[in-house]
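Reviewing the structure listed below.
Side chains are part of it too, since the values below use all heavy atoms of this structure and drop only hydrogens, waters and symmetry mates. Position 1 is the first residue of the sequence, and the numbers go up from there.
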Amino acid sequence: MRRIDARSLRGLAHPLRMRILEAIELDGPATSSTLATRLGENTGTISWHLRLLAEHGYLEEDPDRGTKRERWWRLPDRQTVLDPSEFLDDPETRRALDVYLRDLVERYYNRVRTYLDEDWPGEWQHAAGLSDWRDLHLTPEQLHNLNEEIAAVIDRYTDDKPAEGAERVIVQLQSFPRRS
């Protein structure tokens, strides 16, 4: 597990770098030219951002693919963890955190919008869920524990060999306090 520090957060907090990282997270290893086509950017710009993401440990070259002319990029085999409370006292890093979190929330929203715009068969529409629970009263410790328990349930469904008929599924969870 790798904790995001102030320097690496500032390296990540750029909308294009976040789109690049998401594209590799969702679709697997890619080259700069593949990503440039997918994201509508030029290859040189994508290559520069890929190297910066690698410098900060978010990506690495895939040694099993590519040639000297064609570099493939993948996610490292470790989980990255961000604790926003670690950046409250640093205004510059707090701005980077704000860019990162706002872009993240926008991407979450766009994923749901994409799902709603697609025509899924009834069995998938029945299985999917768009829910919220509004009447919880929790302490910070209880909220943390709730999130940990939900993550443990998700881990039980994470499998390298999906069952026949399985589709890729995104589970999004937003849990936060609300002022009355």
Compile the donor-acceptor pairs under 3.5 Å between side chains in residues 116-128 and protein atoms, sequence neighbours left out, one pair per line.
residue : atom : partner : partner atom : Å
E118    : OE1  : W120    : NE1          : 2.8
Q125    : NE2  : W120    : O            : 2.6

Look at [X] together with [Y] and state whether they make a salt bridge at an N to O cut-off of under 4.0 Å.
X	Y	result
R3	D5	no
R102	D98	yes
R94	D89	no

Apart from [X] itself, residues in the same hydrophobic cluster as defined by side-chain heavy atoms under 4.5 Å:
X	result
L52	W48
L75	I4, L9, L12, L16, M18, I20, L21, I24, L35, L39, I46, L50, L53, Y58, L59, W73, L82, F87, L97, Y100, L101, L104, Y108
V153	Y157

Side-chain heavy atoms of [X] within contact of [Y], under 4.5 Å:
X	Y	result
Y109	R107	no
R51	R71	yes
H137	D135	yes
Q172	R111	yes
S32	H49	no

* Could you walk me through whether R19 and H14 pass the side-chain contact (heavy atoms from CB on, under 4.5 Å) test, one step at a time? => CA-CA 9 Å; R19 287 175 50 218; H14 183 281; over 6 Å; no

* To do: Dump the intermediate steps for side-chain contact (heavy atoms from CB on, under 4.5 Å) on E55 and S8, then the final yes or no.
  => CA-CA 9 Å; E55 178 185 318; S8 64; over 6 Å; no

* Asked: Got a donor-acceptor contact below 3.5 angstrom from the T114 side chain to the N110 backbone?
  ->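 Checking the backbone N and O of N110 against the side chain of T114, a donor-acceptor pair under 3.5 Å is found.
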
* Spell out, as yes or no, whether a donor-acceptor pair under 3.5 Å connects the side chain of E149 to the backbone of L146. =>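 Checking the backbone N and O of L146 against the side chain of E149, no donor-acceptor pair under 3.5 Å is found.
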
* To do: Locate the shortest heavy-atom distance separating G57 from P76; write the atom from each residue and the value.
  =>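 Closest pair (atom of G57, atom of P76, distance): O-CG, 3.4 Å.
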
* To do: Compare every heavy atom of N147 with every heavy atom of S175, then report the nearest pair and how far apart it is.
  =>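 Residues S175 and N147, closest heavy atoms: OG-OD1, 2.8 Å.
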
* Asked: Who passes side chain to side chain donor-acceptor pair (under 3.5 Å) against E106, sequence neighbours left out?
  ->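 If we apply the side chain to side chain donor-acceptor pair (under 3.5 Å) test to E106, skipping adjacent residues, there are no hits.
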
* Results of salt bridge (charged side-chain N to carboxylate O under 4.0 Å, His left out) for R74 - residues two or more places apart only ->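 Expected list: E60, D62.
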
* **Interatomic spacing from CD1 in I150 to CG in D155 - rounded to 0.5 Å** =>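 CG of D155 is found 12.0 Å from CD1 of I150.
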
